[in-house]
Amino acid sequence: MRFRPELDPLRPYVPPKSWRMSAEGTDENNYAKLTSNELAFGPLPEAQEALSEVLPRTNRYPDSHVSRLRQVIAEANPGAETRNILVGNGSSEVLMNVLQLLPGGGEIIYPWPSFSLYPMICAVLGMTARPVPLTEQQEIPSEALLAAVTAETRAVILCNPNNPSGTYLPLAEVRAFAAALPRDVLLILDEAYVEFIDDPAFEDSHTLALETDNVVVARTFSKAHGLAGLRCGYGISTEKIADYAERVRFPVSVNLAAQVAATASMLARDKVRERARFVIQERKRLQEAFRNANLEYIPSQGNFVMVRFGAEVFEKSGILVREGAALGYPGWSRVTVGNSEENERVILAVGSTGEAIEQGA
Ligand SMILES: *Cc1c(COP(=O)(O)O)cnc(C)c1O
């Protein structure tokens, strides 16, 4: 049989070490798993309780419109109504669905390095990926992105804060960027890490998507809410985009467990915010340790930090991190902020090499 040629360059996702270890049956339980930007804590008790309540009812289909969850998400975002909320099997599906609304064959622009899903979706949808390098300081290159827009451009994807660099564009600059973009180009703001932004001015970033007919904000329950395993994400947009996105969404893509757990977690969002504040504090502590060890690192607004320190050295200290080589930063590691004990391990690991270098000099 013949295959679509645009799929040829796609390689299977190289999974983080911890997945490979568990697939091989290696006991990875003694390692701190800081590979995938997950939350170090399980779902909130409220979400766990909601999950156990629905288990006996999993013979039934869930609400295919996901009405209750969409309503609760709208209530958490002032100015939004249920009709402004998109949902999906992870925010990955939300991204896929909104890109599916665009006329085929055009170009998609995004900063690079960024999330590996973007080139993958472009290839699957038969669109041309136009990655634009981050600035020298690894910042989001707004001017270069605007300069890259052509008559063929269908969308710009801004991962903000950006994974894996952790850098971000302040809200005023996002607004200026949206205003400068042609109205027929869709702006997708991937805010998977928005809860970890340490800047009060970023509050209510979703209002831009409500006010502007070519902007979508995509968010997820996989990171700050600690529900990565259940696969649930959402988007905020005008009613028109949300209506169209619902037309292409796979029927019942958000399962019953995901719907009730995400609803309970969103209703308990003060506790989610508390956990995010802990992550922000611990991120500061990690960055301080990197600074003290004279390691190069990129100041981050996510729940992870890129640091110039080999993944294999971390592994010797019982820590699994994402290898920088897989993310466009050879010789670096992306370290997810873990719980106190895990972060302590990271601090010890970089501290001891720092001393070793000084002794060697
Ligand atoms: C983790 C992550 C997501 C979330 O993906 P889900 O499908 O919701 O689990 C989205 N975008 C970026 C950049 C991410 O790092």
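Along the sequence shown, residues are numbered consecutively beginning with 1. Whatever order the structure lists ligands and atoms in, that order sets their numbers, starting from 1.
- With no hydrogens or angles considered, no side-chain donor-acceptor pair links R285 and S340 at under 3.5 Å.
- No hydrogens or angles considered: a donor-acceptor pair under 3.5 Å links the side chains of S114 and N162.
- Every residue meeting the side-chain contact (heavy atoms from CB on, under 4.5 Å) condition with L10, not counting sequence neighbours, appears here in chain and number order: L7, M120, A123, V124.
- The side-chain hydrogen bond (donor to acceptor under 3.5 Å, both in side chains) analysis of residues 45-58, with sequence neighbours excluded, yields the pairs E46-K271.
- The residues lining ligand 1, counting any heavy atom closer than 4.0 Å, are G90, S91, S92, F115, Y118, C159, N163, D190, A192, Y193, T220, S222, K223, R231.
- In this structure E195 satisfies the salt bridge (Lys or Arg N to Asp or Glu O under 4.0 Å) test with no other residue, sequence neighbours excluded.
- Without hydrogens or angle criteria, N303 side chain to N37 main chain gives a donor-acceptor distance under 3.5 Å.
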